[in-house]
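Hydrogens, waters and symmetry mates are skipped; everything else that's a heavy atom, side chains included, is used.
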Amino acid sequence: MQHIDPGKLQALALSLADAVMAHSNAPDENSKQVSLFRMNFIKKFTDDVLFLNDHSGQNDFHVRYANFILRNMVEQVIEFLYISKNTKLVDEYLGSEILKKKAAIEANGTTAEALKIYGEKRFATRRERIAQMAEDINERYATQENCLTLYDVFTVLSDRTHNSYFSSLLDDFAKEFSDDHYIGLTVEQARYLNVLIIVVLMTFDDFKQGDSL
């Protein structure tokens with residue numbers, strides 16, 4: 001089982017506190033929207049980190065559970081970095097287009113289509129694809145050999161989740177010989193999580209210093 005260094009957890013808590021303070025002190029409506037976007041992200045991200053850390057090593061915390069959460073986390077990190085770079089999208093991310101589309105979609109579409117206004121269709125055009133978001137923030141293709149980008153991590157975790165039940169079957173067989181490796185967080189999962197934490201902390205440090213992405 002793996003756990004996150006307490007220093008990183010404390011740093012996330014401080015970043016969250018800074019984000020709350022920035023939202024409280026926002027000088028205008030635009031700044032308030034951007035700070036709300038950042039505050040919401042760091043709160044949810046920190047919640048997920050704490051959940052994974054607290055449940056790591058528990059006998060019923062299967063590897064596939066951590067993979068599901070980590071896959072979602074890396075997707076959210078990519079989107080967060082993309083929208084932080086393209087701040088004109090913050091209002092749409094927060095739902096400014098929903099009411100404009102709601103009546104027409106509910107009147108003419110299926111329930112599934114209507115629900116998309118809270119997802120990809122809450123943007124004026126549509127939510128950009130993860131691959132394109134990653135490319136925009138230079139996290140789609142590795143610039144050095146044997147290095148993983150955020151999109152590489154997303155792809156690996158997507159493959160893990162697509163084959164989760166089969167992989168868990170193999171884990172069940174392997175448990176006859178060892179229990180330790182077949183509960184979350186594994187070494188691989190902890191490595192991915194630590195990378196995400198470092199990326200997020202560096203980004204929020206940039207915000208605090210007033211640097212633009």
Side-chain angles (χ1 to χ4, degrees), residues 2-56 66 68-96 122-123 127-128 130-144 147-154 156-157 185 189-213:
Q2 301 291 311
H3 287 92
I4 302 304
D5 178 71
K8 289 191 176 73
L9 300 179
Q10 179 64 25
L12 285 173
L14 291 174
S15 291
L16 174 57
D18 288 340
V20 172
M21 183 66 69
H23 182 62
S24 297
N25 296 332
D28 53 56
E29 188 59 31
N30 181 65
S31 298
K32 206 164 192 66
Q33 289 293 87
V34 172
S35 61
L36 174 60
F37 164 69
R38 293 173 177 176
M39 182 176 64
N40 177 68
F41 171 83
I42 191 65
K43 175 62 168 65
K44 303 303 186 292
F45 181 85
T46 302
D47 286 346
D48 288 347
V49 172
L50 293 174
F51 180 89
L52 289 170
N53 192 60
D54 290 347
H55 286 77
S56 182
F68 296 153
I69 296 171
L70 284 166
R71 180 190 182 277
N72 182 66
M73 290 177 74
V74 70
E75 178 175 352
Q76 300 306 310
V77 168
I78 290 171
E79 183 176 41
F80 177 74
L81 295 176
Y82 172 75
I83 294 179
S84 294
K85 180 180 177 182
N86 301 278
T87 53
K88 64 182 183 295
L89 296 173
V90 167
D91 285 348
E92 293 176 25
Y93 175 91
L94 293 174
S96 65
R122 77 178 185 277
F123 293 89
R127 181 179 187 254
E128 189 57 86
I130 292 299
Q132 291 304 311
M133 291 186 197
E135 187 167 351
D136 187 74
I137 61 171
N138 298 317
E139 283 290 341
R140 184 171 183 181
Y141 303 110
T143 57
Q144 298 181 21
C147 288
L148 292 178
T149 64
L150 290 178
Y151 188 72
D152 289 331
V153 175
F154 174 75
V156 170
L157 290 169
L185 291 166
Q189 291 171 338
R191 185 181 301 118
Y192 294 153
L193 183 55
N194 274 297
V195 167
L196 293 179
I197 292 171
I198 291 169
V199 168
V200 168
L201 289 176
M202 289 177 63
T203 301
F204 273 82
D205 186 59
D206 284 346
F207 294 156
K208 189 174 181 180
Q209 299 301 322
D211 296 337
S212 59
L213 289 174

Report task. Evaluate side chain to side chain contact (heavy atoms under 4.5 Å, CB included) for M202 paired with D206, printing each intermediate quantity in order. Result -> CA-CA 6 Å; M202 289 177 63; D206 284 346; 5.6 Å; no
Report task. Evaluate side chain to side chain contact (heavy atoms under 4.5 Å, CB included) for F37 paired with T87, printing each intermediate quantity in order. Result -> CA-CA 10 Å; F37 164 69; T87 53; over 6 Å; no
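Atom-to-atom distance recorded for I69:CD1 and N72:CG is 8.5 Å, nearest 0.5 angstrom. Atom NZ of residue K88 and atom CG of residue N30 lie 13.0 Å apart, to the nearest 0.5 angstrom. To the nearest 0.5 angstrom, L81 atom CG is 11.5 Å from Q76 atom CD. Separating the CG atom in L52 from the NE2 atom in H3 is a distance of 10.5 Å, to the nearest 0.5 Å.
Checked by atom type and distance alone, the side chain of S31 never pairs as donor or acceptor with a backbone atom of A26 at under 3.5 Å. In this structure, the side chain of N194 engages the main chain of A190 through a donor-acceptor pair within 3.5 Å. Checked by atom type and distance alone, the side chain of S56 pairs as donor or acceptor with a backbone atom of L185 at under 3.5 Å. A donor-acceptor pair is defined here as one N or O able to donate and one able to accept, closer than 3.5 Å; no such pair exists between the side chain of K8 and the backbone of I197.
Classification of K44 and D48 as a salt-bridged pair fails, no side-chain N sitting under 4.0 Å from a carboxylate O. Comment: R127 engages E75 in a salt bridge, judged by a side-chain N to carboxylate O separation of less than 4.0 angstrom.
Closest approach of L89 and F123 over heavy atoms only: O-CE2, 4.1 Å. Contact between C147 and D152 at its shortest, heavy atoms only, is O-OD2, 3.9 Å.
Two residues are said to be in side-chain contact when any heavy atoms from C-beta on lie closer than 4.5 Å; Y151 and I130 meet this criterion. Contact of the V49 side chain with the F45 side chain is registered, since non-hydrogen atoms from C-beta on lie closer than 4.5 Å. Counting heavy atoms from C-beta on, the side chains of F41 and V200 come closer than 4.5 Å. Considering only heavy atoms from C-beta on, L70 stays 4.5 Å or farther from V153 through its side chain. Side-chain contact between K43 and D47: present, with at least one pair of heavy atoms (C-beta onward) separated by less than 4.5 Å. The closest side-chain heavy-atom distance from I42 to F204 is below 4.5 Å. Looking at heavy atoms from C-beta onward, M73 lies out of side-chain contact with L157 at the 4.5 angstrom threshold. In this structure, the side chains of N40 and L94 stay at 4.5 Å or more apart for every pair of heavy atoms.
Applying the side chain to side chain contact (heavy atoms under 4.5 Å, CB included) test between M133 and each of N86, I83, L150, I78 identifies I78 as the sole match.
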Could you pull out all donor-acceptor pairs under 3.5 Å where a side-chain atom in residues 16-24 meets a protein atom, sequence neighbours excluded?
from	atom 1	to	atom 2	distance (Å)
D18	OD2	K208	NZ	3.4
H23	ND1	K32	O	3.4
H23	ND1	S35	OG	3.0
S24	OG	V20	O	3.1

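Between F207 and F80, the ring planes are perpendicular. Angles over 60° get that label, and only those under 30° would be called parallel.
Side-chain rings of Y82 and Y93 stay apart, their centers remaining 6.0 Å or farther from each other.
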